[in-house]
**Q** 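My questions will all concern the structure given below.
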Amino acid sequence: MSVASAFMAVLRRDLLLGLRHRVEIINPLVFYILIASLFPFAVGSDRSTLGIIGPAVIWVCALLAATLSLDRIFHADFEDGSLEQLFLARQPLVLLTSAKVLAHWLLCGLPLIPAALALNALYQLPVTSLWPMLTTLLLGTPVFSLTGAALAALTVGLRGGGVLLALLILPLYIPVLIFAVGAVGNAMNGLSIAGELYFLAALLVLALTLMPLAAAAALRIRLG
Amino acid sequence: MPNIPPTCKLELRALQCSRNDALLFNDLSCVLQTGETLYVRGANGSGKSSLLRMLAGLAQPDAGDVRWCGTDTRALGSDYAAVLQYVGHQNGIKLDLTAQENLAFYQALNGGPDAAALITALERTGLASCAALPARRLSAGQRRRLALARLLLWHAPLWLLDEPLTSLDDDGRALFRGLMQRHTTGGGIIVMATHEADIGANGPHRELVLQ
Amino acid sequence: MLESLYKYAAPQNFYQLSRRLTPWLAGAAALLLLAGLAGALWFAPPDYQQGESFRIIYVHVPSAWMSLFVYVVLAAAGITGLVWKVKVADALARASAPIGAAFTFLALATGSLWGKPMWGAWWVWDARLTSELILLFLYVGYIALQGAIEDRRMAARAGAVLAVIGLINIPIIHYSVEWWSTLHQGPTVTRFDAPAIHISMLIPLLIMALGFKLYYAANVLVRMRCELLEAERNSAWVRQLGS
């Protein structure tokens with residue numbers, strides 16, 4: 001019982017903090033839409049070109065925006081001593097870390113989805129790409145938050161941690177990128193996307209089982 | 001108040017600690033009985049904070065162990081976390097939450113809400129009037145008081161305090177001395193890192209000076 | 001067996017062992033590499049399709065094998081250091097990273113050199129080359145993390161977690177890249193493993209592979225000695241060495 005209430009306590013606190021400090025949530029979103037709308041200036045507004053690069057741009061920029069917001073998962077808690085207190089709580093650290101990751105996804109991962117759908121329109125993509133865009137983002141962004149949390153825990157409090165974190169995390173996002181953009185591309189060509197979705201779901205399950213453990217282990221190391 | 005067995009003690013056994021490959025202290029041993037206070041002194045960088053973090057289980061010693069009531073604290077795991085309260089260098093306070101929300105969070109995290117204890121904790125640290133203010137609007141001393149108020153949220157027999165008096169005014173110091181005395185006369189144990197030459201404490205205490 | 005394992009897990013014993021082993025390993029590596037090169041450059045016949053340019057596989061393939069092998073060593077050593085707190089294992093992981101990165105870079109560079117006559121371009125997004133490139137990023141990330149953490153023990157433990165995450169991801173990355181590559185280019189002939197290699201071409205390749213492995217062993221032992229000296233600079237046995 002107290003396990004669940006501790007989980008909820010961390011989740012509620014992080015959501016509350018996020019809502020009280022909305023800039024930190026809105027800025028990555030603005031960044032997302034901003035960099036995604038730079039591409040038409042560079043390649044031209046030709047509809048067929050935009051149709052080809054659209055899904056890729058929308059996904060790569062989502063990946064960058066997700067990376068940008070990763071630092072906030074643990075950084076503030078590390079700086080103000082809250083992390084030590086979480087560590088000393090009677091509940092397992094894995095559980096509390098999972099609550100933080102869930103809060104991060106709700107605040108920073110989920111909002112990427114409506115933004116991506118808006119970009120879908122900006123890139124004049126066909127309606128057929130809407131549904132695969134939505135499902136791949138729903139499956140992919142939690143992987144970003146989970147994997148990102150483990151690496152954010154490893155680099156928390158390090159000098160130049162932000163760039164280092166991006167360096168460590170981006171290669172690990174490649175499989176998600178491949179399957180997600182593949183799915184959107186297939187859908188636009190009228191092909192089945194089941195295979196890609198299964199792969200994404202498998203990646204999500206794997207991240208769900210392993211990454212909270214890795215994040216807790218990494219926090220233990222960084223605190224010690 | 002949950003009772004501590006009067007025979008319970010905190011044992012530091014041949015602790016060794018190094019940081020950035022340099023040895024901070026070695027073969028550090030000490031036994032604290034209930035009701036005792038240990039003042040840890042020493043220059044900056046002598047390892048006071050490291051020792052406290054080690055006692056809290058936040059860091060692992062290179063050698064030696066810490067025992068609570070005769071059992072290695074690493075074997076006790078979260079049972080050990082339940083007997084201790086740690087106030088570190090940083091306050092562990094969220095500036096965007098109110099004083100009351102900060103304390104309520106720690107209660108929810110460690111067992112469950114207890115409105116009466118929360119109000120008492122705020123009153124005893126002199127924060128009752130700013131309970132509804134965001135911690136951002138509190139002064140440095142008030143934030144430190146809020147961190148110390150955490151000690152009163154539930155009864156933990158072992159207090160580990162890292163420079164608890166930082167930025168407290170005279171009034172706050174006197175108030176805190178009272179809290180400490182209350183804790184030790186109730187059978188609690190306190191380990192406290194401090195620079196203050198005269199803490200003005202009475203009651204059984206010892207000192208540990210780190211070189 | 002177990003007893004000697006315990007003995008050489010102690011830094012000072014390992015240091016002495018490594019000093020004795022290094023010349024033998026280095027000598028054997030030099031002999032094998034010379035023999036392998038002779039076989040590769042003279043005795044192996046030119047490839048009937050690729051002519052003389054195929055000979056670069058004698059550097060490329062062993063490097064690619066080593067790049068993956070060293071990462072596995074890195075992760076295994078990391079876990080050993082993390083779980084059993086063996087300092088020698090920490091030193092092994094730390095010393096392996098730059099060598100592994102160098103092998104990866106060599107595999108990429110030779111692959112690119114080979115690509116010019118083969119594909120007419122220095123780089124193609126071939127599945128294996130791409131995977132190798134991502135592996136290089138993983139190595140660079142590991143080295144960067146080691147550099148960012150000042151405390152050597154913490155760096156080793158953090159590195160171990162990173163290496164394990166990387167190791168789990170390597171097969172996933174590998175298969176997804178392969179899948180991606182077939183999707184975008186159609187099934188191409190994978191040029192990096194000739195399906196049925198003639199025995200006269202194979203033997204020099206195996207000799208080279210063994211030579212690379214021994215070179216790694218000799219190199220890593222020297223690097224580990226440096227790491228151990230630095231990590232243990234305050235201990236009695238290192239002071240004794242200096243005096």
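Reminder, nothing fancy here: chain letters follow the sequence lines and each chain counts from 1. Predicted model, so just to flag it, every value in this text is computed and none were measured.
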**Q** Check B/Thr98 against A/Arg20 and note the closest heavy-atom contact, atom names and distance.
**A** N-NH1, 4.2 Å
**Q** Checking B/Leu109 against chain A: side chain, backbone, both or neither under 4.5 Å from a heavy atom?
**A** both
**Q** Enter the distance from B/Gln90:CD to A/Asp77:CG here, rounded to the nearest 0.5 Å.
**A** 11.0 Å
**Q** Should we say atom CZ of A/Phe39 is surrounded by more than 12 heavy atoms from elsewhere, each under 6.0 Å from it?
**A** no
**Q** Out of curiosity, B/Glu101 CD to A/Leu16 CG, how far, rounded to the nearest 0.5 Å?
**A** 5.5 Å
**Q** Indicate the atoms forming the closest heavy-atom contact of B/Lys94 with A/Ser82, along with that distance.
**A** CE-OG, 3.5 Å
**Q** Checking B/Leu84 against chain A: side chain, backbone, both or neither under 4.5 Å from a heavy atom?
**A** side chain
**Q** Restricting to non-hydrogen atoms, name the atom on B/Tyr86 and the atom on A/Leu88 that form the minimum distance, rounded to 0.1 Å.
**A** CB-CD1, 3.4 Å
**Q** Rounded to the nearest 0.5 Å, what separates atom CG in A/Leu83 from atom CG in B/Leu58?
**A** 9.5 Å
**Q** Could you look at A/Leu96 and say if it's the side chain, the backbone, both or neither that has a heavy atom under 4.5 Å from chain B?
**A** side chain
**Q** Heavy-atom pairs under 4.5 Å with chain A are the metric here; pick the option from B/Ala104, B/Ala81, B/Gly57 that has the most.
**A** B/Ala81
**Q** Rounded to the nearest 0.5 Å, what's the gap from CG on B/Asn110 to CD on A/Gln91? Could you check?
**A** 7.5 Å
**Q** Could you report the tightest heavy-atom contact between A/Ser5 and B/Ala108, atom names first, then the distance?
**A** OG-O, 3.9 Å
**Q** Could you tell me which residues in residues 133-150 of chain B have at least one non-hydrogen atom under 4.5 Å from a non-hydrogen atom of chain A, sorted by residue number?
**A** B/Arg136, B/Arg150
**Q** Can you say whether B/Tyr106 sits under 4.5 Å from chain A via the side chain, the backbone, both, or neither, judging by heavy atoms?
**A** side chain
**Q** Under a 3.5 Å distance rule, please check whether B/Arg53 uses its side chain to pair with a backbone N or O of A/Leu223 as donor and acceptor.
**A** yes
**Q** Can you say whether A/Arg90 sits under 4.5 Å from chain B via the side chain, the backbone, both, or neither, judging by heavy atoms?
**A** both
**Q** How long is the gap from CD1 on B/Ile93 to CD on A/Gln85, to the nearest 0.5 Å?
**A** 9.5 Å
